[in-house]
Protein chains: 2
Amino acid sequence: MNGQIRILIADDHPLLTTGLKMTLEQWDEFLVVGVASNGLQAVELCEKTKPHIVIMDMQMPRMSGREAIEQIKSNIPGVRILAFTTFDDADTVSGAIAAGCDGFLLKVIAPEKLRASLNSIAGGINVYDEDAMSRLRQSMRKKSDIDFSGRELTVLRYVCEGMTNAEIADKMGLRSGTVKNMISLLLSKTNCVSRSQLARYATENHLIS
Amino acid sequence: MNGQIRILIADDHPLLTTGLKMTLEQWDEFLVVGVASNGLQAVELCEKTKPHIVIMDMQMPRMSGREAIEQIKSNIPGVRILAFTTFDDADTVSGAIAAGCDGFLLKVIAPEKLRASLNSIAGGINVYDEDAMSRLRQSMRKKSDIDFSGRELTVLRYVCEGMTNAEIADKMGLRSGTVKNMISLLLSKTNCVSRSQLARYATENHLIS
DNA sequence: AAAGAAAAGTGCCGAAGGTCATTCCATTCG
DNA sequence: CGAATGGAATGACCTTCGGCACTTTTCTTT
């Protein structure tokens with residue numbers, strides 16, 4: 001990367017933004033080109049100041065960080081966005097990632113690590129806080145705590161395909177009555193009331209290939 | 001991090017491993033403590049050499065990178081693992097992330113970026129290649145390209161809850177016949193054959209809260 | 001006023017789901 | 001060795017629900 005890395009800060013905490021600005025500007029590779037105090041302003045300033053990286057708080061008035069990220073990413077796809085927050089709960093993390101951020105770091109980060117991370121982001125490498133990432137992984141997997149036999153898993157898959165009991169029975173070399181009973185068992189095991197809910201359960205818990 | 005960062009290399013390409021080893025050892029902060037040429041050996045060497053970071057190829061004989069990551073992570077949770085591959089297709093990326101890697105980089109990376117990334121990983125920050133990450137995001141979202149009205153989305157949610165047509169009608173202030181018609185419409189719109197498949201469709205495409 | 005979407009009604013038949021009883025099988029226990 | 005236990009597969013019965021096809025009505029849009 002030739003020249004300085006242009007940075008836009010978007011955060012509604014004045015004390016933090018001034019501290020962050022001063023910290024960044026003590027390093028020659030960074031140039032803070034603007035400071036926004038809410039999401040809407042962040043989108044506007046992004047158009048004007050053409051930053052390489054936006055450091056974006058997730059909890060902001062007027063427009064949430066998530067919406068702001070989506071706006072900016074669709075307006076100017078090349079901009080890199082670092083979600084920079086106080087909290088690392090699964091919702092915040094997955095929201096930021098789904099919105100399209102290129103990094104997720106907590107505000108408690110040591111300055112030198114922030115510096116390295118910003119350089120990585122500018123260089124095309126996404127950086128994420130370790131705990132936040134593991135929390136995201138957990139929420140992605142959301143594995144069921146119920147054990148299913150191989151046959152039960154097969155039935156679940158076929159149910160998700162929308163097959164009838166007779167079709168499932170045919171596929172598995174069973175009688176439709178047997179499949180019916182197996183599904184009754186699955187319904188009570190999973191606390192579901194119908195095969196539709198069962199299909200959702202199986203899908204949500206990644207029980208299907 | 002005090003002292004050197006201990007690194008274990010796991011890759012079945014001898015030319016790459018020697019090049020990687022020599023590259024890393026020209027920097028004082030790294031110490032290559034072992035080189036494994038397949039997944040099984042990686043797991044074993046990890047027990048013996050107690051590395052801080054494992055640089056792991058995903059395509060390896062004996063045991064895939066994915067299995068090796070899972071093994072190592074469950075044996076020694078503290079070890080940080082960088083998935084280091086030639087390909088960035090969605091399957092490889094999501095496989096590595098689901099297995100629990102702490103970084104995902106392509107082998108074409110510039111040496112200096114690899115150095116910075118390894119330092120980030122050692123410092124508790126996960127690093128991922130930008131393209132790989134965006135590909136993962138795409139596959140995560142798998143957004144439906146069909147437009148649904150507010151009412152249709154409501155019906156979809158209720159179907160996923162396992163509610164009957166009568167119950168849905170009651171909740172929405174409609175008649176069950178109307179709900180039937182709406183669901184028939186939804187089935188044909190989504191190319192589904194039954195409400196079970198519809199429930200899976202809605203769940204898979206994140207159409208429910 | 002015409003067109004079109006959303007809502008509602010009707011009838012039909014097969015599928016779904018609950019319950020109970022039975023058979024076949026393997027394992028285990030006395 | 002025979003008996004007992006328990007899981008898996010099966011069958012039958014019955015009520016409700018699901019999904020289709022068609023028509024009708026109401027409301028909005030233009």
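Chain letters run A, B, ... following the sequence lines, proteins first, then strands; residues in each count from 1. FYI, side chains are in, hydrogens and waters are out, and symmetry mates aren't considered; it's all heavy atoms of this structure.
Heavy-atom minimum distance, B:Ala42 versus B:Leu8: O-CD2, 3.7 Å. Nearest heavy-atom pair, A:Cys46 versus A:Ile72, reported as atom, atom and distance to 0.1 Å: SG-CG2, 3.6 Å.
Between the side chain of B:Asp102 and the backbone N or O of B:Ile81, at least one donor-acceptor pair lies under 3.5 Å. At distances below 3.5 Å, at least one donor-acceptor pair connects side-chain atoms of B:Asp11 with backbone N or O atoms of B:His13. Although no hydrogens or angles enter the test, the distance criterion places a donor-acceptor pair under 3.5 Å between the side chain of B:Gln197 and the main chain of B:Val193.
Map B:Gly177 and B:Arg151 each onto its nearest nucleotide of DNA chain C; the residue landing nearer the 5' end is B:Arg151.
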Working for side chain to side chain contact (heavy atoms under 4.5 Å, CB included), residues A:Ile109 and B:Ile125
CA-CA 10 Å; A:Ile109 193 171; B:Ile125 291 171; 3.7 Å; yes
Are A:Glu25 and A:Phe30 close enough, and set up right, to give a side chain to side chain contact (heavy atoms under 4.5 Å, CB included), and what steps lead you there?
CA-CA 6 Å; A:Glu25 290 188 334; A:Phe30 302 123; over 6 Å; no
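Close approach of DNA chain D to chain A, defined as any atom under 4.0 Å from a non-hydrogen atom of the protein, starts and stops at D:dA9 to D:dG11. In 5' to 3' order, the nucleotides of DNA chain C bounding all contacts with chain B (an atom under 4.0 Å from a heavy atom) are C:dA7 to C:dG9.
Scanning residues 163-175 of chain A for heavy-atom distances under 4.0 Å to DNA chain C yields A:Thr164, A:Asn165.
Counting non-hydrogen atoms of other residues, nucleotides and ligands closer than 6.0 Å to CZ of B:Arg6 gives a total above 12. By the neighbour-count criterion of 12 heavy atoms within 6.0 Å, atom NZ of B:Lys171 is sparsely surrounded, having that number or fewer from other residues, nucleotides or ligands.
Partner of B:Lys107 under the salt bridge (Lys or Arg N to Asp or Glu O under 4.0 Å) criterion, chosen from B:Asp88, B:Asp129, B:Asp57: B:Asp57.
Counting any heavy atom pair closer than 4.0 Å across all strands shown, A:Ser176 reaches no nucleic acid atom.
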